[in-house]
Each structure stands twice: as structure tokens, then as C-alpha cells.
Colleague: 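Sharing a structure, written as C-alpha cells. Questions coming.
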Amino acid sequence: MVEACGRAGRDPAAVRLVAVSKTVPMERILEAHGAGQVVFGESRQQEAAPKVAALPDDIEWHFIGKLQRNKVRKVLPDFSCLHGVDSMKLAQAIDRVAGELELRPKLFLEVNLAGEESKGGFAPEALLAGMEELVGLPNVEMLGLMVIPPVANVREWFAKAWKLKDQAEERAGIPLPELSMGMSGDYEVAIEEGSTLVRVGSAIFGERAYSV
Ligand SMILES: *Cc1c(COP(=O)(O)O)cnc(C)c1O
């Protein structure tokens, strides 16, 4: 990560690592925590709940998976940051429940840059059209955009994400400080293209025994 920052002339402190610990047993998370890692990402509420309950309180848990609206109430108390906010309806549901629970989660709006049917996320146009309303939601903090682009030409997609963030800021009328992009296979390119938060699993913990 530091090397990629060097190549891009970026301050390494401006890029954070979410250690993606889905399928990873608690001992190994604890080990990574002992080595100084504080931010961990999980993608399933049921798998994460016992980990959040048992592991140290200073861990910052990020929910990176697809979030169903009926799971929002369960997820919010455990996760300070949600990466996969993929529709206006979900954002509104999170805002409403956060208000009831007196929480203020940080959100990343997921964008489906390439219009891939297999992936969720706002279409870029829908995102821009909804931006004003999204940043007006009172009980959430809108951090920025999150993308999982196609594997081919990934650098171009990351660059597009950066441009879209600029446009979204303009529509929102406030800065969106963060861009969540980059995984094990492409985090260096993502950093070179402006990522502020990389979500890395297998490059840290090894290949997952099963997929989620
Ligand atoms: C699993 C997952 C990751 C991490 O993937 P790796 O390739 O293991 O680094 C990142 N982001 C999301 C949304 C994921 O589901």
C-alpha cells in the first residue's frame, strides 16, 4: 500500500485498510488485531454477530456485503460503517432505523459503474439524481462511493469512479471524502487511482476455504 501511494505521490495516511475477515476464524482476527489492525470487514450479519460480540471493543467493524432492508435493525448496532448501500430505499431505511436507535452510521453508496446485471448498486445517473436527497438524510453520514468494477480494464473503471465522485460532490454541494475501492487483486491500482479505503481479504488471510 505504501509503495502504491509512493508511485501516485499520495500520503500513505490517506489510505486505510479494511481487513476483510469473512469466513476467517476469530483467532486469526485477534492475531491481526494484535499486530495493529483495527478495521475489519464482514459481509454477513449472522456470521459477524458472534465475532463482534466476542472480539475487542476497539475494533471498527465495516459491513461490506449486500444488506437486506429487513436486516438493517440487526446490522446497525454492530457496524459503524456500511459499504454496500445500493439504493435510495435502502439508504432511507437505514436513516429511519438509525434515527430510532439513536445511531449515526457512516455510509458508502455503491455504484454499478459498468451496469453489470450480476452486481447491485446505483446506476451513475440515478446516483447523481438522488445525491441531494441522499446527503440530506439526517441520521447518517455520507462518506462517499464504493465500487467493485469489472476485472477487465480495472484502472479505467477506478478512474471513472473518481470522476463520478467529483460529479456527485457537485450535486451534493458537500465534499464526499472517501472512495472505497480495491480488493486483493487490484488494491494497488485502486490506490493509484485515488482510493481512500481498500477492502482486502485473501491477500491478508489467505484464500477463503469457501466463498460467501
Ligand atoms: C470479499 C470481499 C472483499 C475482499 O476480497 P478479496 O479478494 O479476498 O480481497 C472486498 N470487498 C467485498 C465487497 C467483498 O465481498
Side-chain angles (χ1 to χ4, degrees), residues 1-5 15-26 28-29 31-33 35 37-49 51-52 59-69 71-72 75-76 78-87 90-91 94 105-122 127 143-155 157-158 160-162 164-165 178-212:
M1 284 177 66
V2 172
E3 282 169 26
C5 286
V15 187
R16 289 192 298 153
L17 167 67
V18 179
V20 175
S21 53
K22 63 188 182 197
T23 79
V24 175
M26 292 201 217
R28 304 217 37 222
I29 301 176
E31 212 174 271
H33 177 262
Q37 180 63 28
V38 179
V39 187
F40 290 87
E42 288 281 338
S43 60
R44 288 171 61 204
Q45 186 271 328
Q46 272 148 307
E47 182 194 337
K51 293 179 176 176
V52 176
I59 291 182
E60 186 182 320
W61 293 100
H62 289 208
F63 193 84
I64 61 167
K66 182 163 175 57
L67 180 56
Q68 250 100 47
R69 257 182 287 161
K71 286 277 174 77
V72 169
V75 161
L76 283 189
D78 283 348
F79 293 87
S80 57
C81 184
L82 315 181
H83 288 240
V85 182
D86 59 3
S87 71
L90 177 59
I94 293 168
K106 299 179 163 94
L107 305 190
F108 282 92
L109 300 165
E110 183 175 358
V111 186
N112 191 343
L113 278 178
E116 293 171 285
E117 285 193 13
S118 60
K119 289 179 188 163
F122 285 87
L127 176 86
L143 285 191
L145 307 185
M146 181 269 211
V147 295
I148 309 175
V151 182
N153 303 319
V154 76
R155 185 181 295 279
W157 291 113
F158 286 149
K160 277 190 186 154
W162 174 266
L164 184 65
K165 172 175 122 72
E178 304 250 17
L179 197 50
S180 166
M181 60 185 193
M183 304 175 28
S184 290
D186 55 22
Y187 69 92
E188 289 166 299
V189 182
I191 289 170
E192 288 166 16
E193 298 300 330
S195 170
T196 66
L197 210 82
V198 292
R199 309 175 309 271
V200 179
S202 46
I204 297 172
F205 296 111
E207 288 302 319
R208 283 179 289 278
Y210 56 97
S211 62
V212 174

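All residue numbers refer to positions in the sequence shown, counting from 1. Whatever order the structure lists them in is the order used to number ligands and atoms, beginning at 1.
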Colleague: Passes side chain to side chain donor-acceptor pair (under 3.5 Å), Thr196 versus Arg16? Steps please.
Modeller: CA-CA 6 Å; Thr196 66; Arg16 289 192 298 153; over 6 Å; no

Colleague: Among all the protein's non-hydrogen atoms, which is closest to atom 1 (C) of ligand 1, and how far away is it?
Modeller: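 Protein heavy atom at minimum distance: Lys22 NZ, 1.5 Å.
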
Colleague: Can you tell which part of Ser202 has a heavy atom less than 4.0 Å from ligand 1: side chain, backbone, both or neither?
Modeller: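 Within the 4.0 Å criterion, Ser202 contacts ligand 1 through backbone and side-chain atoms alike.
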
Colleague: Under the criterion side chain to side chain donor-acceptor pair (under 3.5 Å), I'd like the reasoning laid out for Glu31 against His33: C-alpha separation, chi angles, the key distance, then a yes or no.
Modeller: CA-CA 5 Å; Glu31 212 174 271; His33 177 262; over 6 Å; no

Colleague: Provide the number and element of each atom of ligand 1 under 4.0 Å from a heavy atom of Val200.
Modeller: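 So the answer, numbered in order with elements, is 9 (O).
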
Colleague: In ligand 1, which numbered atoms sit nearer than 4.0 Å to a non-hydrogen atom of Ile148?
Modeller: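 So the answer, numbered in order with elements, is 13 (C).
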
Colleague: For atom 3 (C) of ligand 1, which candidate among Met183, His83, Glu42 provides the closest heavy atom?
Modeller: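 The nearest heavy atom belongs to Met183.
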
Colleague: Would the distance check show the side chain of Glu42 and the main-chain N or O of Trp61 forming a donor-acceptor pair, the cut-off being under 3.5 Å?
Modeller: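 No, because the side chain of Glu42 does not come within donor-acceptor range (under 3.5 Å) of the backbone of Trp61.
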
Colleague: Whether Arg155 and Glu192 form a salt bridge (side-chain N of Lys/Arg under 4.0 Å from carboxylate O of Asp/Glu) is what I want to check.
Modeller: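 Here Glu192 pairs with Arg155 in a salt bridge, since their nearest N and O are under 4.0 Å apart.
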
Colleague: Within ligand 1, which atoms have a heavy atom of Gly201 less than 4.0 Å away?
Modeller: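 Matching atoms, with element in brackets: 4 (C), 6 (P), 8 (O), 9 (O).
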
Colleague: Measure the distance from atom 12 (C) of ligand 1 to every protein heavy atom, then report the residue, atom name and distance (to 0.1 Å) of the closest one.
Modeller: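 Looking at atom 12 (C) of ligand 1, the protein heavy atom closest to it is Ile64 CD1, 3.6 Å.
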
Colleague: At a 4.0 Å threshold, what atoms of ligand 1 neighbour a non-hydrogen atom of Ser184?
Modeller: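 Here the atoms of ligand 1 in question are 6 (P), 7 (O), 8 (O), 9 (O).
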
Colleague: For atom 11 (N) of ligand 1, which protein heavy atom lies nearest, and how many Å away is it?
Modeller: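 Among all protein heavy atoms, the one nearest atom 11 (N) of ligand 1 is Arg199 NE, 2.9 Å.
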
Colleague: Determine yes or no for a side-chain-to-main-chain donor-acceptor pair under 3.5 angstrom, with Asn112 supplying the side chain and Gly115 the backbone.
Modeller: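 Yes; at least one donor-acceptor contact below 3.5 Å.
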
Colleague: Does Lys106 NZ have over 12 foreign heavy atoms under 6.0 Å away?
Modeller: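 For Lys106, atom NZ is not crowded (no more than 12 foreign heavy atoms under 6.0 Å).
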
Colleague: Would you please classify the geometry between the Phe79 ring and the Phe63 ring as parallel, tilted or perpendicular, with 30° and 60° separating the classes?
Modeller: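 The rings of Phe63 and Phe79 stand perpendicular, inter-plane angle above 60°.
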
